[in-house]
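Just below is one structure, and these are the notes that go with it.
Quick note: residue numbers are just sequence positions, from 1. In listed order, ligands and their atoms are each counted from 1.
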Amino acid sequence: MKVFELRFVISYIIVMSGLEEVAKRISEAGVVVISTGAGMSAPSGVPTFRGEDGMWKNYRAEELATPSAFRDNPTRVWEWYNWRREIIGECEPNAGHHAIVEMEEKVDEVEVVTQNVDGLHDRAGSSNIYEVHGNIWRVRCVGCERSEYNYDVPLEEIPLRCECGELLRPDVVWFGESLNEKVLREVYDIIGRCDLFINAGTSSLVMPASQFPVIASRSGAFVVEINLTETPMSNVVDLQLSGDVSEILPALVELV
Ligand code: BV8
Ligand code: ZN
């Protein structure tokens with residue numbers, strides 16, 4: 001056997017043993033938590049935040065996804081969200097989203113904790129979803145706090161206004177804003193009682209979501225990372241599956 005063939009066989013064995021180990025843990029788990037970031041939606045065509053094609057590339061997060069940016073220039077912030085809504089509006093859930101739904105038939109409890117605001121887990125049909133950073137399709141009034149879903153693409157007016165006359169804002173969590181306490185409490189509860197925690201497609205840079213794998217590990221869960229690259233969590237997790245989440249998750253569910 002030639003050297004490169006031997007290398008291929010060895011790496012294939014390593015990958016398969018990782019997949020089989022995680023598939024076994026999924027089949028034995030009572031509660032699986034899957035925590036997803038922008039890499040989960042990248043295969044659907046939704047730009048990530050920090051990758052090569054990252055959407056922040058053309059803008060600084062501090063300029064747009066903060067309360068002060070909205071206060072100073074609501075039109076520019078709404079133009080950015082309108083641009084993102086137009087992109088996301090054309091995207092469909094990918095095989096990774098669908099694999100998570102399929103996993104629900106093989107595991108007693110599958111909980112999805114997502115940093116993504118695109119709503120793709122919901123469109124795929126997942127039953128238990130915690131959108132810790134909100135949802136780009138929901139808007140909230142800065143005055144009367146009324147919130148509703150708005151799927152207009154493009155938006156009819158920029159910036160959007162509420163019937164009460166005040167500005168409507170995207171119902172997402174901006175940098176420097178606290179996450180919804182009730183959602184966060186529920187997330188900490190399920191992380192505290194899960195058997196398997198899968199951190200998929202996130203750079204693990206944004207607090208407090210970046211610490212979810214650490215909390216899961218301390219609570220005794222087996223922690224897996226699925227990512228194209230290393231992240232600050234790579235040396236915290238029990239097992240790393242390196243690759244495309246939209247390929248790895250279906251392969252895992254197939255093996256369960
Ligand atoms: C909070 C919603 C308490 C909006 C987002 C200084 C001043 C102010 C705040 C802070 C500060 N220092 C620290 C903070 C706290 C701050 C923070 O952590 N900042 C970081 C940047 C240092 N956090 C907060 O402010 C949070 N609130 O802590 O409240 C507080 C209050 C006041 C002051 C201090 C603390 C609120 C954070 C929420 C921000 N909102 N989104 C919107 O979307 O418009 S964050 C945004 O980035 C996304 O929602 C996402 O969650 C987040 C992280 O991005 P990722 O999802 O990980 O995506 P990324 O592009 O980075 O990575 C993609 C990954 O996928 C890569 O690893 C890539 O390799 C991989 N990948 C790509 N394709 C694939 C793949 N993997 C597998 N398969 C593929 N196909
Ligand atoms: Zn209002």
Validation row: Val117, Glu131 side chains within 4.5 angstrom (heavy atoms): no

Backbone or side-chain N or O of Asn116 under 3.5 Å from ligand 1 N or O: no

Residue pairs involving residues 106-122 (criterion salt bridge (charged side-chain N to carboxylate O under 4.0 Å, His left out); sequence neighbours excluded): Glu109-Arg193

Listed partners of Glu5 passing side-chain contact (heavy atoms from CB on, under 4.5 Å), at least two apart: Met1, Lys2

Side chain, backbone, both or neither: Ala38 near ligand 1, heavy atoms under 4.0 Å: both

Pi-cation contact, Trp174 with Arg169 (under 6.0 Å, within 45°): yes

Step-by-step side chain to side chain donor-acceptor pair (under 3.5 Å) determination, Gln240 to Ser234: CA-CA 7 Å; Gln240 258 188 304; Ser234 297; 3.2 Å; yes

Glu90 atom CD: more than 12 heavy-atom contacts under 6.0 Å: no

Shortest heavy-atom approach to atom 57 (O) of ligand 1 - which of Thr229, Val206, Thr202: Thr202

ring-ring contact (aromatic ring centres under 6.0 Å, His included) assessment of Trp137 paired with Tyr151: CA-CA 6 Å; Trp137 298 111; Tyr151 292 100; 5.7 Å; yes

Residue Gly37 vicinity, atoms of ligand 1 by number, heavy atom under 4.0 Å: 56 (O)

Interfacing atoms of ligand 1 (cut-off 4.0 Å, heavy-atom, Tyr81): 4 (C), 42 (C), 44 (O)

Residue pairs, two or more places apart or on separate chains, that pass salt bridge (charged side-chain N to carboxylate O under 4.0 Å, His left out) and touch residues 28-43: Lys24-Glu28

Verdict with reasoning, Arg185 to Asn180, per side chain to side chain donor-acceptor pair (under 3.5 Å): CA-CA 9 Å; Arg185 231 186 356 264; Asn180 177 293; over 6 Å; no

Distance-only donor-acceptor check, side chains Asp238 and Ser217, under 3.5 Å: no

Ligand 1 atoms in contact with Gly176 (distance to a heavy atom under 4.0 Å): 24 (C), 25 (O), 31 (C), 32 (C)

Contact check, Ala209 vs ligand 1, heavy-atom distance below 4.0 Å: no

Per-atom contacts, ligand 1 versus Gly201 - under 4.0 Å to a heavy atom: 63 (C), 64 (C), 65 (O), 76 (N)

Presence of salt bridge, Arg25 and Glu21, under 4.0 angstrom: yes

Contact with ligand 1 for Ser246, non-hydrogen, under 4.0 angstrom: no

Ligand 1 atoms in contact with Val245 (distance to a heavy atom under 4.0 Å): 77 (C), 78 (N), 79 (C)

Ligand 1 contacted by Met40 (non-hydrogen, < 4.0 Å): no

Val117, portion touching ligand 1 at heavy-atom distance under 4.0 Å: side chain

cation_pi(Arg84, Trp80) dist<6.0 Å, angle<=45: yes

Polar contact flag, side-chain donor to acceptor under 3.5 angstrom, Gln115-Thr36: no

Sub-4.0 Å heavy-atom approach of Gly243 to ligand 1: yes

Contact partition for Ser203 relative to ligand 1, non-hydrogen atoms under 4.0 Å: both

Leu228: numbered ligand 1 atoms lying under 4.0 Å from its heavy atoms: 72 (C), 73 (N), 74 (C), 75 (C), 76 (N), 77 (C), 78 (N), 79 (C)

Under-4.0 Å heavy-atom contact with ligand 1, by part of Leu205 that carries it: backbone

Side-chain ion pair, Glu92 and Arg123, N-O less than 4.0 Å: yes

Within less than 2.8 Å of the Zn ion (ligand 2): protein N, O or S atom count: 4

